[in-house]
There are 2 protein chains.
Amino acid sequence: MRVRVSKVGLCSTDLALARGYMGFRGVPGHEFVGVALEGALRGRRVVGEINAACGCCPTCLAGGDRHCPRRSVLGILGRPGALAEELRLPARNLREVPDSVGDDAAVFTEPLAAALALAEACALVPGARALVVGDGKLGLLCAHVLARAGLAVTLAGRHPERNGLTGVVVEHVGPLERSGGGFDLAVEASGDPDALPALLPRVRPRGTVVLKSTTERATRVELAPLVVDELRLVGSRCGRFEPALAVLASGTITVERLIVARYALSDAERAFEHAARRGTLKVLIEVHP
Amino acid sequence: MRVRVSKVGLCSTDLALARGYMGFRGVPGHEFVGVALEGALRGRRVVGEINAACGCCPTCLAGGDRHCPRRSVLGILGRPGALAEELRLPARNLREVPDSVGDDAAVFTEPLAAALALAEACALVPGARALVVGDGKLGLLCAHVLARAGLAVTLAGRHPERNGLTGVVVEHVGPLERSGGGFDLAVEASGDPDALPALLPRVRPRGTVVLKSTTERATRVELAPLVVDELRLVGSRCGRFEPALAVLASGTITVERLIVARYALSDAERAFEHAARRGTLKVLIEVHP
């Protein structure tokens with residue numbers, strides 16, 4: 001289905017792809033809100049799940065469409081992305097945006113869904129102690145999701161001034177070295193390949209580490225402590241859009257406050273340069289605002 | 001409680017400790033069978049869980065005694081091991097050996113318990129496809145446990161002639177490169193720090209990798225595929241002795257066939273040299289045979 005693109009958010013994956021990660025060539029962009037030009041949702045504001053699965057392979061039939069081996073991924077793998085006048089996604093990927101959710105907030109459906117996918121990676125036990133490493137866009141959303149689920153969240157990163165931006169204040173300790181230890185759960189959301197070795201000793205025996213961000217460089221890690229302490233290391237990528245839209249519609253998260261700049265599509269190159277500056281939160285590209 | 005040591009098995013951890021791993025100094029040895037000299041089991045043949053926990057800290061009270069931060073570990077951490085005339089363990093660590101289990105088999109209680117602990121690391125789903133990397137002592141026991149649990153096991157290693165030694169024949173493919181892919185579960189039991197990067201691409205999305213062996217060197221690994229495929233990496237160490245003794249008593253495993261040499265305690269140095277030769281299965285030291 002054709003979608004007229006309204007706004008697009010840039011994320012670290014877009015920047016990595018631009019540097020050559022995954023060998024992607026073509027139109028980037030996967031965080032978008034737009035207006036459907038075809039189908040049952042024609043004329044409605046929509047967002048879209050980025051994994052376009054075949055729908056008929058064993059993986060898809062078992063409910064694993066986000067891992068369909070034949071999938072294309074909007075602006076990431078074999079499918080032109082959202083940084084264009086229009087994009088195309090299968091009808092089943094599109095979700096109508098509730099009236100109460102503005103376009104700025106709707107652009108965050110995809111990253112918020114990714115943060116909410118923490119609940120698929122491990123049990124979110126209220127009262128458990130969670131460490132989130134990285135106070136960038138994804139780290140802030142992960143900290144928000146965990147805090148709303150009732151966990152006691154410690155956030156490590158270089159930007160204590162960002163604490164509370166999303167509407168939830170957590171414990172912000174600054175650099176990871178100040179976080180203490182004994183955490184039940186740790187979330188790697190910094191994108192730094194050296195973060196994992198540094199956070200492993202901070203997790204209690206049989207605790208869980210969720211890797212949320214992809215890193216382009218390999219990581220050198222001692223595996224013996226992981227065996228001795230019987231840790232669980234879980235990779236986590238995309239999430240479902242429905243719960244993310246429900247959270248946005250509930251008004252309990254102020255994602256718009258993560259937006260730091262807006263550019264026209266014709267200024268996309270400058271937008272990428274801005275987004276690539278260290279410590280930049282969300283940069284939007286407005287195509288049809 | 002004092003235990004007169006009958007026989008001791010050497011394992012890769014003993015060899016690593018001898019090379020300096022974990023900085024252990026003192027009497028090594030943790031796989032043993034002996035005769036209790038004190039307490040309720042006095043005069044009975046016993047084996048012993050190797051983690052001596054404090055029993056009263058929050059970790060112990062939550063059932064995590066194998067992870068007690070104040071624990072000593074027989075022949076590994078702060079507690080003299082089994083390569084001696086006598087050893088000491090708390091009474092609660094000792095388990096009587098059933099009459100039907102001979103001393104040779106009883107020496108395998110500890111490593112078999114470690115293999116059975118796979119069921120604590122992940123769900124063992126009958127019919128699931130499992131890859132075991134390493135056909136050494138631990139790998140063979142893991143393959144046995146998984147096959148008996150009804151999984152379809154593929155074993156990779158340098159010794160196809162060992163297939164069936166424990167009483168279960170699995171698919172032995174030789175080198176890991178010949179294993180194919182799409183496994184639901186993979187078990188790293190080779191002790192090779194380079195095995196993990198090689199086995200990750202062989203696991204299906206959302207599949208599980210269990211790390212059973214500790215490695216002394218760090219591993220260099222690309223974490224991005226772990227995130228993209230949402231894999232689960234689980235460290236697994238010691239297991240409970242009761243189920244291991246029950247399996248040994250059932251007669252469904254021929255662990256004795258893994259024994260390749262026996263030495264007297266006075267020949268312990270030669271025993272270590274023998275055990276350290278590449279491709280050596282179980283070397284026993286007989287103290288009071």
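To find a chain, count down the sequence lines: A is the first, B the second, and so on, and within it residues start at 1.
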Between [X] and chain A, which part of the residue has a heavy atom less than 4.5 Å away: side chain, backbone, both or neither?
X      : result
B:R204 : neither
B:L231 : backbone
B:T59  : neither

- Are side-chain heavy atoms of B:V228 and A:T214 found at a separation under 4.5 Å?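 B:V228 reaches A:T214 side chain to side chain.
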| query | Do the side chains of B:L196 and A:L223 get nearer than 4.5 Å, heavy atoms only? | reply |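 Result yes, sub-4.5 Å side-chain heavy-atom pair found.
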Measure the spacing between [atom1] of [X] and [atom2] of [Y] and express it to the nearest 0.5 Å.
X      : Y      : atom1 : atom2 : answer
B:R217 : A:E222 : CZ    : CD    : 10.5 Å
B:L233 : A:R232 : CG    : CZ    : 10.5 Å
A:T219 : B:R220 : OG1   : CZ    : 8.0 Å

- Task: Dump the intermediate steps for side chain to side chain contact (heavy atoms under 4.5 Å, CB included) on A:E120 and B:R206, then the final yes or no.
- Result: CA-CA 11 Å; A:E120 294 184 54; B:R206 293 207 165 181; 2.8 Å; yes
Are there over 12 heavy-atom neighbours, none belonging to B:R240, within less than 6.0 Å of that residue's CZ?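 Check passes, neighbour count above 12.
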| Contact class of A:S213 relative to chain B, heavy atoms under 4.5 angstrom |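 For A:S213, backbone heavy atoms alone lie under 4.5 Å from chain B.
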task = Could you check A:V234, A:L211, A:T215 and say which one makes a side chain to side chain contact (heavy atoms under 4.5 Å, CB included) with B:V227?
result =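 The residue from A:V234, A:L211, A:T215 that satisfies side chain to side chain contact (heavy atoms under 4.5 Å, CB included) with B:V227 turns out to be A:L211.
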Check: What is the minimum heavy-atom distance between A:R237 and B:E230, and which atoms define it?
Finding: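 Result for this residue pair: N-OE2, 2.6 Å.
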